[in-house]
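Reviewing the structure listed below.
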Number of protein chains: 2
Amino acid sequence: MTATPLPTIDDVAVAAGVSRQTVSNVLNAPDIVREATRQKVRDAIDALGYRPHASARRLRTQTSSTIGIRLGSLSRGGVSGAVLDRFLHALTERADSRGMRIMLFTAADEAAEIEQYRRLRDGADVDALVVTGTAYGDARLDWLADNGVPFVAFGRPWGSADLDDPRRPWVDVDGADGVRQATVHLAGRGLRRIGYLGWPDGSGTGDDRRSGWVAAMRELFGDDGAADADLEALTIRTEEGVAPARVELERLLAGGTELEALVCSSDSLALGAMMAVREAGHPKFPVIGFDNTPVAGAVGLSSVDQQLDQVALAVLDLLMGEHGRRVLNPDEIEGARHRLVTPKLIVRRSSHLAPVDEAGSTASGTNE
Amino acid sequence: MTATPLPTIDDVAVAAGVSRQTVSNVLNAPDIVREATRQKVRDAIDALGYRPHASARRLRTQTSSTIGIRLGSLSRGGVSGAVLDRFLHALTERADSRGMRIMLFTAADEAAEIEQYRRLRDGADVDALVVTGTAYGDARLDWLADNGVPFVAFGRPWGSADLDDPRRPWVDVDGADGVRQATVHLAGRGLRRIGYLGWPDGSGTGDDRRSGWVAAMRELFGDDGAADADLEALTIRTEEGVAPARVELERLLAGGTELEALVCSSDSLALGAMMAVREAGHPKFPVIGFDNTPVAGAVGLSSVDQQLDQVALAVLDLLMGEHGRRVLNPDEIEGARHRLVTPKLIVRRSSHLAPVDEAGSTASGTNE
DNA sequence: GCGAATTGTTTGAACGATCAAATCCGCGGT
DNA sequence: ACCGCGGATTTGATCGTTCAAACAATTCGC
């Protein structure tokens with residue numbers, strides 16, 4: 001009843017009447033072995049149910065076919081935590097189709113994360129790492145670049161002097177464009193006083209998103225309606241989270257406002273805002289979020305989708321080349337070392353929490 | 001500029017003036033090496049920055065210190081998909097503290113999943129697997145049990161004749177108890193006609209949850225108020241999802257109902273119900289969900305939390321023993337081969353979407 | 001038809017660790 | 001002194017694979 005030992009490459013070799021190496025070649029370089037032999041070996045492989053032992057191969061090739069990614073701590077959950085989770089799904093699927101696997105790890109802080117990088121690298125556990133949640137002057141990217149560990153950041157390395165630095169490859173979502181799409185969409189419905197609800201200045205992502213709104217407003221209404229002062233008046237800043245957004249909007253509504261619609265830098269903020277305006281008796285006040293989290297779908301909130309599948313695809317392209325099946329060394333690279341993915345506005349029309357349609361009609365407008 | 005080769009155990013041995021094996025012992029069985037030698041070796045390890053090569057160790061020990069888990073396809077996302085994601089977080093953290101890593105994989109269907117199991121097992125990629133989303137007569141569990149692959153299911157193997165079958169270890173959340181807690185909580189606020197909104201009969205999880213409500217109603221109101229017929233009348237069944245729940249409740253409300261509160265088998269259903277009753281002008285109608293997803297927190301929906309961290313802990317206990325640091329063979333086990341985790345009701349009091357407090361007071365009631 | 005190039009296959013060595021058995025060492029007992 | 005004993009340390013073998021070089025079998029050019 002004890003498990004039978006798994007067949008090794010030698011068992012296959014004997015069964016097929018060839019040598020070890022020939023079996024190995026059938027698996028790794030089929031084109032250099034003669035057709036007849038190849039078939040003979042394949043039959044033996046099938047007959048024995050042979051599978052190469054991954055660890056042995058890794059030891060020999062010094063490669064793991066594995067990509068590591070940190071799964072942040074539970075605490076940081078929140079509504080937006082879902083973005084990382086969905087990225088993870090997409091990455092796992094895309095990686096699988098390239099013969100790669102995803103390994104998770106955790107770390108309490110930046111230092112611990114770098115320590116994990118070191119362990120994973122030294123133990124040859126991973127061929128490359130995916131870094132998320134990049135911040136100004138990210139020490140993790142420096143460490144990885146300095147130590148020659150292949151990686152790609154999801155999120156621009158904002159602090160870096162040169163975004164084109166080939167040593168710091170990245171993929172990011174064009175937040176500015178997403179917010180621009182949302183703004184243009186609202187303007188297309190005849191709205192003019194479109195506000196922006198975002199985070200305090202200083203976060204790369206936040207500033208980028210707001211810039212899309214600023215650009216759209218200028219483009220749409222020119223300098224008369226969208227002078228700096230006007231835009232500043234239409235901007236609301238608050239910390240991330242449903243509650244902060246709601247409190248902030250309640251205060252604003254209490255004081256009276258001319259706002260006609262709101263574009264937000266996250267679904268959390270959008271949801272908080274929606275709850276506040278709804279409470280204040282404006283059932284049709286349009287709000288658009290960012291991230292297209294499940295929550296948005298559930299409550300019918302229009303939102304900008306990050307196209308995480310495209311992001312995952314781009315990450316792998318950067319790590320492995322267009323069609324490669326192994327991670328490339330930093331010096332084997334060619335072409336651009338970064339990719340900006342264009343997000344997509346998802347328009348929803350739930351009439352209960354955020355009806356964005358004009359006067360009861362269910363007419364025109366994109367929908368998914 | 002090319003990466004310096006990593007130090008091996010031999011380098012350390014030379015530096016410390018001892019043999020390979022002694023270095024190995026310092027790492028794996030420190031107690032059998034003399035104190036003085038141990039320190040000498042430790043110093044050498046630090047000086048060289050040595051880390052054991054994981055693949056080499058795995059090849060020799062035929063062990064991978066890795067647990068595999070399937071990450072379902074993107075499509076099945078929805079609000080409840082978040083449960084798996086949060087479990088994954090918890091599992092990763094708990095596993096890390098036991099020296100284990102989590103490896104992800106995907107599979108389109110059950111057959112493909114079993115094929116992946118085979119690949120992972122044969123390649124010695126994983127020591128054990130965690131199976132989620134168990135269904136009646138789950139072929140995956142049969143395969144794993146038959147092939148002697150260590151695993152634990154998250155979710156009871158409902159179809160199995162014998163839930164105590166030691167060959168099919170499982171961990172699950174006591175859904176019945178969770179729903180019971182929710183029901184008792186509502187009754188404690190003076191409500192009597194507490195309805196149940198759940199899925200169609202036939203799903204193990206769904207039937208289990210409803211049974212908790214049935215038990216609580218009987219216990220609370222005896223046979224007079226909670227005869228089978230009464231309970232049936234208070235039960236609403238619909239497919240999973242926000243929209244189905246909402247439609248169903250709208251229909252119910254249109255026809256008039258005596259319902260005073262609602263306990264639901266998922267947050268999605270609860271959210272749909274909440275939207276419907278709110279729309280119908282019952283801002284204080286209490287609703288309680290299940291799963292405690294981020295959405296629930298965001299909209300202030302009371303919900304039953306699955307205590308996924310406890311689930312993760314139990315999974316590892318079952319796989320590795322109480323304090324072990326390696327996965328045990330199915331025959332090394334002792335004690336119960338399953339664990340039922342008691343969930344915890346999280347009471348929220350957002351007054352906007354589901355105010356459950358009595359007449360404006362913010363008084364008694366547990367909160368987290 | 002013979003050496004040279006070409007193609008296909010085999011052989012020894014290595015990857016970096018752990019296991020199992022052998023060796024070394026100090027010490028107490030007769 | 002000698003033997004035996006037990007703990008500390010070392011030595012040889014091994015895990016399953018791929019690399020690099022050697023070897024065998026064809027084909028090619030003239």
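Just so we're on the same page: letters track the sequence lines, and every chain starts at 1.
Near DNA chain D, defined here as any heavy-atom distance below 4.0 Å, the residues from residues 28-36 of chain B are B:Ile32, B:Val33, B:Arg34, listed numerically. Remark: B:Leu59, B:Arg60, B:Gln62 in residues 54-63 of chain B come within less than 4.0 Å of DNA chain D through at least one heavy atom.
We find that CG of A:Leu6 is positioned 11 Å from C1' of D:dG16, with the value rounded to whole Å. Atom CG of B:Asp125 and atom P of D:dT17 are 12 Å apart (whole Å). Separating the CG atom of A:Asp10 from the C1' atom of D:dT18 is a distance of 12 Å, rounded to the nearest angstrom.
Partners of B:Tyr50 according to the ring-ring contact (aromatic ring centres under 6.0 Å, His included) rule, which considers only residues two or more places apart in sequence or in another chain, do not exist here. Every residue meeting the salt bridge (Lys or Arg N to Asp or Glu O under 4.0 Å) condition with B:Arg118, not counting sequence neighbours, appears here in chain and number order: B:Glu115. Evaluation of the side-chain contact (heavy atoms from CB on, under 4.5 Å) rule for A:Glu322 yields A:Asp317 as partners, not counting sequence neighbours. Scanning for side-chain contact (heavy atoms from CB on, under 4.5 Å) contacts around A:Ile32 gives A:Asn25, A:Ala29, with sequence neighbours left out. With sequence neighbours excluded, the residues satisfying side-chain contact (heavy atoms from CB on, under 4.5 Å) with A:Asp109 are A:Ala111, A:Ala112. The ring-ring contact (aromatic ring centres under 6.0 Å, His included) check on A:His338 picks up A:Trp170, with sequence neighbours excluded. In this structure, the side-chain hydrogen bond (donor to acceptor under 3.5 Å, both in side chains) partners of B:Thr22, at least two apart in sequence or on a different chain, are B:Ser19.
Contact annotation for B:Thr8: backbone-only contact, meaning every heavy-atom pair under 4.0 Å involves sugar-phosphate atoms and none involves a base. Residue contacts for A:Arg51: at a heavy-atom cut-off of 4.0 Å it reaches the sugar-phosphate backbone alone, with no base atom in range.
Electrostatic pairing of B:Arg168 and B:Asp142 counts as a salt bridge here, judged by a charged N lying under 4.0 Å from a carboxylate O.
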- How far apart are the C-alpha atoms of B:Leu144 and B:Tyr117, what are their side-chain angles, what is the distance that settles it, and do they pass the side-chain contact (heavy atoms from CB on, under 4.5 Å) test? CA-CA 8 Å; B:Leu144 291 167; B:Tyr117 290 172; 3.6 Å; yes

- Query: Step by step, would you call B:Leu316 with B:Leu91 a side-chain contact (heavy atoms from CB on, under 4.5 Å)?
  - Reply: CA-CA 8 Å; B:Leu316 293 176; B:Leu91 187 64; 4.3 Å; yes

- Item | Stepwise side chain to side chain donor-acceptor pair (under 3.5 Å) test for B:His89 and A:Asp85 | CA-CA 10 Å; B:His89 282 245; A:Asp85 291 329; 3.2 Å; yes

- List the steps, then state whether salt bridge (charged side-chain N to carboxylate O under 4.0 Å, His left out) holds for A:Arg86 with A:Asp309. CA-CA 9 Å; A:Arg86 288 183 304 146; A:Asp309 187 55; over 6 Å; no

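A side chain to side chain contact (heavy atoms under 4.5 Å, CB included) with B:Arg94 is found for one member of B:Leu313, B:Ile102, B:Val311 and no other, namely B:Leu313.
An end-to-end axis angle of 50° holds for the helix from C:dG1-D:dC30 to C:dT30-D:dA1, taken from five base pairs per end and rounded to 10°.
By the 4.5 Å heavy-atom criterion applied to side chains, B:Ser24 and B:Ile9 are counted as neighbours.
Going from atom OG of B:Ser65 over to atom CZ of B:Arg326 covers 11.0 Å, rounded to the nearest 0.5 Å.
Nearest-nucleotide assignment on DNA chain D puts the 5′-proximal partner with B:Arg38, out of A:Asn25 and B:Arg38.
Close approach of DNA chain C to chain B, defined as any atom under 4.0 Å from a non-hydrogen atom of the protein, starts and stops at C:dG16 to C:dA20.
Side-chain contact check for B:Ser64 and B:Asp127: at least one donor-acceptor pair (N or O, by modelled atom type) lies under 3.5 Å.
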Between the protein and nucleotides 20-24 of chain D, list every N/O to N/O distance that falls short of 3.5 Å.
none

